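Since the model is a prediction, treat every value here as computed from it, not as a measurement. In what follows, every chain begins at residue 1, and chains take the letters A, B, ... in the order their sequences are listed. Scope of the values below: all heavy atoms of this structure, side chains included, with no hydrogens, waters or symmetry mates.
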2 protein chains.
Amino acid sequence: MEKKAALDALSALSQETRLDLFRLLVTAGPEGLPAGVIAERLGVLPSSLTFHLNHLVRAGLITQRRLSRQLIYAAEYGTMNGLLAYLTENCCGRDALCNPACNPSDAFTTGESDEAPARARQR
Amino acid sequence: MEKKAALDALSALSQETRLDLFRLLVTAGPEGLPAGVIAERLGVLPSSLTFHLNHLVRAGLITQRRLSRQLIYAAEYGTMNGLLAYLTENCCGRDALCNPACNPSDAFTTGESDEAPARARQR
DNA sequence: ACGATATTTCACGTAATCTCGAATTAGGCC
DNA sequence: GGCCTAATTCGAGATTACGTGAAATATCGT
């Protein structure tokens, strides 16, 4: 996962309603839940729910499929995996600083890797 | 880490300048960097930098200490650990769904194997 | 076709976020 | 004290995010 995708995922999860929503879908499993059930469980207006659902879909964190009359949303576990991997690799320092339960034996690319760090100062 | 702290951390990291900033401090190590060096490396105006630094401090992701004339900022690795733990526990489904690098027993294929499921070796 | 249900789209108001430049505080040195 | 540098605070402007309610779209059942 590259930086842009990580930023999209982080931004999508950095809002309480969406974090609750994603956690609900994660616990719901791969079958997912219809929008109506989600709205009822979270207590949000349908139009607000669509707003947040679209945000999560755009970030690739959930998927949408239609089942007859209802739209089913389900967590996309792979994207969450990718975000965790990105954060672990890029934002966790070297050595076993992060995820000590994991004890990753190798592969910490030292230094900044895939992004150009400098942005020209505009004015 | 409880939800409120996780939201603060996610919100702090969901902005490009702040993500770059945090990554820079992570690679800089526990000694940290003075604000001036950070501003120069990222190409950000001083007032904007303070805005983002404060945001990260409020989220507990970095710390501030004064060294004579300059203010040194350093990554707070523990908070990042806590965020990763929170996401792994609350947003990753059951058991071995997330952090496959930690759990090589990948007995779960719900069809979303299109995205990078394991840590993509970059470079 | 008609009605009912499920969900989205649209328009609008408000609040939050981000950037910028000028002014200000803090500390060190002559 | 006066001066310089480091960094922050302040105030204003532009942009974006969020919540709400009314209207529109899609699908199913009769």
Side-chain angles (χ1 to χ4, degrees), chain A residues 3-4 6-22 24-25 28 31-75 118-123, chain B residues 3-4 6-25 28 31-59 61-75:
Chain A
K3 192 169 76 169
K4 180 66 168 55
L7 278 169
D8 287 343
L10 287 168
S11 147
L13 293 173
S14 69
Q15 207 274 340
E16 183 164 21
T17 301
R18 285 194 295 268
L19 185 59
D20 292 340
L21 172 39
F22 184 70
L24 176 62
L25 288 181
E31 324 84 44
L33 290 175
V37 174
I38 301 172
E40 188 202 5
R41 293 257 186 99
L42 298 183
V44 301
L45 290 178
S47 57
S48 276
L49 181 66
T50 299
F51 174 78
H52 292 299
L53 285 169
N54 283 336
H55 209 310
L56 287 166
V57 168
R58 261 181 269 124
L61 282 164
I62 65 175
T63 58
Q64 179 198 63
R65 72 176 194 276
R66 182 175 280 279
L67 189 62
S68 81
R69 224 191 296 210
Q70 39 201 3
L71 286 172
I72 312 281
Y73 291 90
R119 267 185 4 190
R121 170 177 306 190
Q122 69 266 24
R123 56 146 288 145
Chain B
K3 191 169 78 170
K4 179 65 169 53
L7 277 169
D8 287 343
L10 287 168
S11 147
L13 294 174
S14 69
Q15 207 274 339
E16 182 164 21
T17 301
R18 286 195 294 269
L19 184 59
D20 292 341
L21 171 38
F22 184 70
R23 293 210 298 170
L24 176 63
L25 288 181
E31 326 84 43
L33 290 175
V37 174
I38 301 172
E40 189 203 4
R41 295 260 184 99
L42 298 183
V44 162
L45 289 178
S47 57
S48 277
L49 181 66
T50 300
F51 173 79
H52 292 298
L53 284 169
N54 283 337
H55 210 309
L56 287 167
V57 168
R58 262 182 266 122
L61 283 164
I62 65 175
T63 58
Q64 180 198 63
R65 71 177 193 276
R66 183 174 279 280
L67 189 63
S68 84
R69 223 193 297 208
Q70 40 202 2
L71 286 171
I72 312 281
Y73 291 90

query: Taking atom C1' of C:dT9 as reference, at what distance in whole Å does atom CG of A:Leu71 sit?
result: 13 Å

query: Within less than 4.0 Å of OP1 or OP2 of D:dA7, is there a side-chain N or O belonging to B:Asn54?
result: no

- line: For B:Gly32 and B:Ile72 the tightest heavy-atom approach is C-CG2, 3.9 Å

query: Under the side chain to side chain contact (heavy atoms under 4.5 Å, CB included) criterion, do A:Leu61 and A:Leu25 qualify, and how do the steps go?
result: CA-CA 10 Å; A:Leu61 282 164; A:Leu25 288 181; over 6 Å; no

task: Let me have a per-nucleotide readout for nucleotides 12-30 of chain D, 5' to 3', with B, S or -, counting only protein heavy atoms under 4.0 Å.
output: ------BBBB-----BB--

message: On a heavy-atom basis, which atom in A:Ser14 and which in B:Ser14 lie closest, and how many Å separate them?
response: OG-OG, 3.7 Å

message: I'd like to know if A:Arg41 pairs up with A:Asp20 as an ion pair, taking the criterion as any Lys NZ or Arg NE/NH1/NH2 lying under 4.0 Å from an Asp or Glu carboxylate oxygen.
response: no

- line: B:Leu19 CG to C:dT17 C1', in whole Å, measures 17 Å

- prompt: For the residue pair A:Ala35 and A:Leu49, what are the closest heavy atoms and their distance?
  reply: O-CD2, 3.2 Å

- request: Take the C1' atoms of the five end pairs on each side of the helix from C:dA1-D:dT30 to C:dC30-D:dG1, derive the two axes, and give their angle rounded to 10 degrees.
  value: 20°

query: For the residue pair B:Leu33 and B:Leu24, what are the closest heavy atoms and their distance?
result: CD1-CG, 3.9 Å

- prompt: Checking all strands, does A:Gln64 fall into the base, sugar-phosphate, or nothing category for heavy-atom contacts under 4.0 angstrom?
  reply: sugar-phosphate

task: Could you list all the side chain to side chain donor-acceptor pair (under 3.5 Å) pairs where at least one residue sits in residues 43-57 of chain A, not counting sequence neighbours?
output: A:Arg18-A:His52

task: Please determine if a side-chain N or O atom of A:Tyr73 lies less than 4.0 Å away from the OP1 or OP2 oxygen of C:dA6.
output: no

